[in-house]
Amino acid sequence: MPELPEVETMRRGILSVVGRQIVAVTCPQSTLQSIEITPSLARLRKQVCGQTIRDVSRRGKRVLVHLEDGAVIVMEPRMAGLILLDNPPTEKHLRLCFHLEDRSVAEETAHFLFWDKRGLGKVHWLDSSQIEPRLGRERLGPDALEVTARILKERLGGSRRPIKVALLDQKGVAGIGNLYASEILHWAGIDPRLACTALTLRQWERVSCWTRRVLEQAIEHEGSTLADGTYRNALSNPGGYQNHHRVYDRGGEVCLQCRAGTIKRIVQAQRSTYYCPVCQCRRGVHPAVIV
DNA sequence: CATATGTCCTGAGAGC
DNA sequence: TGCTCTCAGGACATAT
């Protein structure tokens, strides 16, 4: 579930590791299958031990830990991964521990952790020459916090796919996932089934505007912790944006915007989409552009 | 080329 | 109670 707001919250949560040196990487005992580490755990260890962390950045839904030699550790939480300073929800799902040099200051963390309940997450070590080909514009679109109407129309406007499905494609725009795609389109008042080719510039303006607003608001609330309780910030505290959801997982409930419509759940590209048929469906739209 | 579908993985919850 | 089944959706591989 972690999307841009959750991943950004994790990034901010571990910023205190900047300036610290990694001294060891351990793979805590687990009865579960190991997550994918590339090129390998041995190589990761060899390359990062002794390196000082220069920065922690984010690209879409990935966190990049920048090392002094120009390489990066890329952490992908995917569905159920967390990047933590402490207090993992379970010991069982601890996948990687990056140990930091001991400064003998009790308040300072001695490590940061990669925890993953389902094992779908990934950790990569990339040298400086691999960063652009793996994470550059050819592979991932511009960050969703930086989109404009012009960028959206340029990158998605030619697609015949429904707008909701196109927003999930990380090659178009990076950072939007299933939850926020529904939320953004609800605020923008746009039918999730509408083909990208049918959107007007005015509608792209609404999408870009609400993309930034919804994601920024969600970051302010430190992301969304759903009913399963999996998502946590770096200190293992839940987020708060779930209390502000307008449509996601609210199928059958009354629309909080118009108080008239009932939130509908449909499936698009094997994923749930939630929307309000009153707020988000314009009369007079030709049926052919609803895909 | 664009778009669609299958796959990985575990835990939660439903139904019997 | 404990079993089996289905579902959740990130990103990418493979198919159309």
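Note on naming: letters A, B, ... go to the chains in the order of the sequence lines (proteins, then strands), and numbering restarts at 1 for each one. This one's a predicted model, so the numbers in the text were calculated from it and none came from an experiment.
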Exercise. Any side-chain heavy-atom pair from A:Pro2 and A:Arg78 closer than 4.5 angstrom?
Worked result: no
Exercise. Is a side-chain donor-acceptor pair under 3.5 Å present for A:Gln130 with A:His124?
Worked result: no
Exercise. Distance between the P atoms of B:dC9 and C:dC3, in whole angstroms?
Worked result: 22 Å
Distances under 3.5 Å between protein N/O atoms and the N/O atoms of nucleotides 8-10 of chain B, please, pair by pair.
from: B:dC9; atom 1: OP1; to: A:Gln33; atom 2: OE1; distance (Å): 3.3
from: B:dC9; atom 1: OP1; to: A:Gln33; atom 2: NE2; distance (Å): 2.9
from: B:dC9; atom 1: O2; to: A:Arg118; atom 2: NE; distance (Å): 3.2
from: B:dC9; atom 1: O2; to: A:Arg118; atom 2: NH2; distance (Å): 3.0
from: B:dC9; atom 1: N3; to: A:Arg118; atom 2: NH2; distance (Å): 3.3
from: B:dT10; atom 1: O2; to: A:Arg118; atom 2: NE; distance (Å): 3.3

Exercise. Under 3.5 Å, is there a donor-acceptor pair between the A:Thr90 and A:Trp115 side chains?
Worked result: yes
Problem set entry | Distance-only polar pair, side chains of A:Glu222 and A:Thr9, donor-acceptor under 3.5 Å | no
Taking only distance into account, with no hydrogens and no angle test, what donor-acceptor pairs under 3.5 Å do side-chain atoms of residues 252-264 of chain A form with protein atoms, sequence neighbours excluded?
from: A:Glu253; atom 1: OE1; to: A:Arg250; atom 2: NE; distance (Å): 3.2
from: A:Glu253; atom 1: OE1; to: A:Arg250; atom 2: NH2; distance (Å): 3.2
from: A:Gln257; atom 1: OE1; to: A:Arg246; atom 2: NH1; distance (Å): 2.7

For this session: Check the side chains of A:Tyr180 and A:Glu6 for a donor-acceptor pair under 3.5 angstrom, ignoring hydrogens and angles.
Result: yes
Exercise. Using the ring of each side chain (for Trp, its six-membered ring), is A:His221 parallel, tilted or perpendicular to A:Tyr241, with breaks at 30° and 60°?
Worked result: tilted
For this session: For B:dG11 and C:dC12, measure between their C1' atoms and round to the nearest Å.
Result: 23 Å
Problem set entry | Members of residues 122-154 of chain A that approach DNA chain B, where some heavy atom sits under 4.0 Å away | none
Seminar exercise, completed: So the stems of DNA chain B, runs of at least three Watson-Crick or G-U pairs (under 3.5 Å), are B:2-8 with C:10-16, B:10-16 with C:2-8
Problem set entry | Modelled atom types, side-chain donor and acceptor of A:Asp55 and A:Ser57, under 3.5 Å | no
Exercise. Base, sugar-phosphate, or nothing: which does A:Asp228 touch, judged by heavy atoms less than 4.0 Å apart?
Worked result: nothing
Exercise. Starting at CZ of A:Arg161 and ending at C1' of B:dA4, how long is that distance when rounded to a whole Å?
Worked result: 10 Å
Seminar exercise, completed: The residue, A:Arg265 or A:Gly60, whose nearest nucleotide of DNA chain C is more 5′ is A:Arg265
What donor-acceptor contacts under 3.5 angstrom involve side-chain atoms of residues 42-50 of chain A, with partners at least two apart or in another chain?
from: A:Arg45; atom 1: NE; to: A:Val25; atom 2: O; distance (Å): 2.7
from: A:Arg45; atom 1: NH2; to: A:Val25; atom 2: O; distance (Å): 3.2

Seminar exercise, completed: With a 4.0 Å cut-off (strictly under) to non-hydrogen atoms of chain A, the first and last hit nts on DNA chain C, 5' to 3', are C:dA8 to C:dC12
Exercise. If you measure only the distance, is there a donor-acceptor pair under 3.5 Å linking the side chains of A:Arg160 and A:Thr197?
Worked result: no
Problem set entry | A:Leu168 CG to B:dT5 P, straight-line distance once rounded to whole Å | 15 Å
Exercise. Within the structure shown, what part of the strands sits under 4.0 Å from A:Tyr248 by heavy-atom distance: base, sugar-phosphate, or nothing?
Worked result: sugar-phosphate
Exercise. What integer number of Å spans the P atoms of B:dT3 and C:dG9?
Worked result: 22 Å
Exercise. NA contact type, A:Glu36, heavy-atom cut-off 4.0 Å: base, sugar-phosphate, or nothing?
Worked result: nothing
Problem set entry | Any A:Thr230 side-chain nitrogen or oxygen under 4.0 Å from OP1 or OP2 of B:dG11 | no
Exercise. Without hydrogens or angle criteria, can the side chains of A:Thr200 and A:Arg202 be said to hold a donor-acceptor pair below 3.5 Å?
Worked result: no
Exercise. Can we say A:Asp143 and A:Arg58 salt-bridge, meaning some charged N sits less than 4.0 Å from an Asp/Glu carboxylate O?
Worked result: yes
For this session: Before accepting this row, confirm whether a basic side-chain N of the pair A:Asp169/A:Arg161 lies closer than 4.0 Å to the acidic partner's carboxylate O.
Result: yes
Problem set entry | Whole-Å gap separating P (B:dT3) and CG (A:Leu156) | 10 Å
Exercise. Got a salt bridge between A:Glu3 and A:Lys61, using NZ or NE/NH1/NH2 to carboxylate O under 4.0 Å?
Worked result: no
